[in-house]
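The block underneath contains the structure these notes are about, expressed in structure tokens.
Counting from 1, the numbers follow the sequence of the chain as shown.
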Amino acid sequence: MRKGDERKQEILNISERLFCQKGFDATSVQDVLDQLHCSKGAFYHHFISKDAVLDTICARHAEQACERAGQQLEGLEGSMARLNLLLRAFLPLHRDEQAFMLMLLPLLDRPESVAVRVRYQEALAGAFLPPLEREVEAARATGVICPPVRGVCQPVLALLNQCWVEAALLLLQALRKGQRHDAGALLGVLEKYRRSIEVLLDAPYGSVTLADFADWDELAEALGRQLASDRP
């Protein structure tokens, strides 16, 4: 790796650690520079702003999530089991992404952060599209599913992106009010999107599974503690 590339990775790694520890808003470019012991020129040579750093971090997490899913698929048998693994891996509200989500979720309901959220959604969809297309085609070939049209994977990924954002905002809105998250409402969000994806894929009723709710519950508890600690 070239020296410039090494410096860029250092900026990303230090920034993500500080964003997760202190929060995105509370972390300044100077905080990153203090950790790196470098000049502002070195930072702005690679990134035009702190938002651009977060944007790149989001893309990196999408790629890493897809890589983890690929490793988990190795040796897994059954078309529907493989398909469900990919669908669950796409949704970032799980244990593997908890630290990242605790940094990102408080930004989701802020108008100035819409671009970051959209970039992360696009990165997830871009990373997961090729493996999802392969698994859908394999499931179609075995007769497990029978989607009525080609190109069904992009709308499935769009639904998954809507699903995790809707669930995350539901969590965030309740916790900002100091209330416990509504497990029934979260399950309702999951069921709505689960059924929509089954219809798109023409999969048997109840065959699609989207999440381990225990992971989402754990994330909600952690986010609640974080928001409580941030209150004056």
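No side-chain donor-acceptor contact under 3.5 Å links Asp202 to the backbone of Val199. Between the side chain of Glu198 and the backbone N or O of Ser207, at least one donor-acceptor pair lies under 3.5 Å. Side-chain atoms of Asn161 do not come within 3.5 Å of backbone N or O of Leu91 as any donor-acceptor pair. No donor-acceptor pair under 3.5 Å is formed between the side chain of Asp55 and the backbone N or O of Val116. Distance alone, capped at 3.5 Å, places no donor-acceptor pair between the Lys22 side chain and the Arg17 backbone. Remark: the backbone N or O of Ala139 is paired with a side-chain donor or acceptor of Thr142 at under 3.5 angstrom. Put simply, the side chain of Lys8 never gets that close to the backbone of Phe43: no donor and acceptor are under 3.5 Å apart.
Considering every non-hydrogen atom in both Phe128 and Ala62, the closest pair reads CE1-O, 4.1 Å. Across all their heavy atoms, Ala65 and Ala89 have their closest contact at CB-O, 4.4 Å. Here the shortest heavy-atom pairing between Ala138 and Ser79 reads O-OG, 4.0 Å. The minimum heavy-atom distance linking Leu86 with Ala69 is given by the pair CD2-CB, 3.9 Å. Between Val144 and Pro204, the closest heavy-atom pair is O-CD, 3.5 Å.
Note that the CZ atom of Phe100 and the CD atom of Gln64 stand 9.5 Å from one another [nearest 0.5 Å]. Distance check, rounded to the nearest 0.5 Å: CD of Gln98 to CG of Leu105 gives 10.0 Å. One finds the CD atom of Glu135 at 10.0 Å from the CG atom of Leu87 (value rounded to the nearest 0.5 Å). Here the CZ-CG distance, from Arg140 to Leu201, works out to 9.5 Å after rounding to the nearest 0.5 Å. Rounding to the nearest 0.5 Å places SG of Cys20 at 9.5 Å from CG of Leu104. In this structure, CE on Met101 lies 15.0 Å from CZ on Arg95, to the nearest 0.5 angstrom.
The side-chain tip of Arg194 points at the ring of Tyr205 from less than 6.0 angstrom away and within 45° of straight on.
Annotation for Ile48: atom CD1 does not count as buried by contact number, only 12 or fewer foreign heavy atoms lying within 6.0 Å. Within 6.0 Å of NZ on Lys192 lie more than 12 heavy atoms contributed by other residues, nucleotides or ligands.
Evaluated for a side-chain contact (heavy atoms from CB on, under 4.5 Å) with Val152, the options Leu132, Val136, Ile197 yield exactly one hit, Val136. Gln30 pairs in a side-chain contact (heavy atoms from CB on, under 4.5 Å) with only one of the listed residues (Thr27, Val32, Asp34), which is Asp34.
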Residue pair Val208, Met80: steps toward the side-chain contact (heavy atoms from CB on, under 4.5 Å) verdict: CA-CA 8 Å; Val208 167; Met80 207 65 218; 3.7 Å; yes

Residues Val29, Phe47; criterion side-chain contact (heavy atoms from CB on, under 4.5 Å); working and verdict: CA-CA 11 Å; Val29 171; Phe47 299 100; over 6 Å; no

Check against side-chain contact (heavy atoms from CB on, under 4.5 Å), Glu16 and His61: CA-CA 11 Å; Glu16 182 169 359; His61 272 271; 2.4 Å; yes

Pair Leu85-Arg88, side-chain contact (heavy atoms from CB on, under 4.5 Å): steps then yes or no: CA-CA 5 Å; Leu85 187 150; Arg88 290 194 300 271; 4.3 Å; yes

Candidate pair Arg82 and Glu77, rule salt bridge (charged side-chain N to carboxylate O under 4.0 Å, His left out), full reasoning: CA-CA 7 Å; Arg82 293 175 64 85; Glu77 297 182 356; over 6 Å; no

Arg150/Glu133 under salt bridge (charged side-chain N to carboxylate O under 4.0 Å, His left out): CA gap, chis, key distance, verdict: CA-CA 10 Å; Arg150 297 281 179 174; Glu133 287 178 333; over 6 Å; no

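Side-chain atoms of Leu210 and Leu160, non-hydrogen and from C-beta on, do get closer than 4.5 Å to each other. With a 4.5 Å cut-off on side-chain heavy atoms, Ser28 and Lys50 do not count as touching. In this structure the side chain of Ser39 never reaches within 4.5 angstrom of the side chain of Leu33, judged on heavy atoms. Looking at heavy atoms from C-beta onward, Val114 lies out of side-chain contact with Leu108 at the 4.5 angstrom threshold. Arg176 has its side chain within reach of Pro106: a pair of non-hydrogen atoms, C-beta onward, lies under 4.5 Å apart.
In the hydrophobic clustering of ILVMFWY residues, with side-chain heavy atoms under 4.5 Å counting as a link, Leu124 and Val118 come out apart. Both Phe90 and Leu76 are members of a single hydrophobic cluster when ILVMFWY side chains are connected at heavy-atom separations under 4.5 Å.
Arg60 has no carboxylate O lying under 4.0 Å from a charged side-chain N of Glu67, or vice versa, which leaves the two without a salt bridge. A salt bridge is absent between Arg134 and Glu137; no separation between the charged side-chain nitrogens and carboxylate oxygens falls under 4.0 Å. The existence of a salt bridge linking Glu97 and Arg68 is confirmed by a sub-4.0 Å separation between a basic side-chain nitrogen and an acidic carboxylate oxygen.
Of the N and O atoms on the side chains of Asn13 and Gln9, not one donor lies less than 3.5 Å from an acceptor on the other residue. Side chains of His94 and Glu218: a donor-acceptor N/O pair is absent below 3.5 angstrom, by distance only.
Aromatic pair Trp164/Tyr193: centroids not less than 6.0 angstrom apart.
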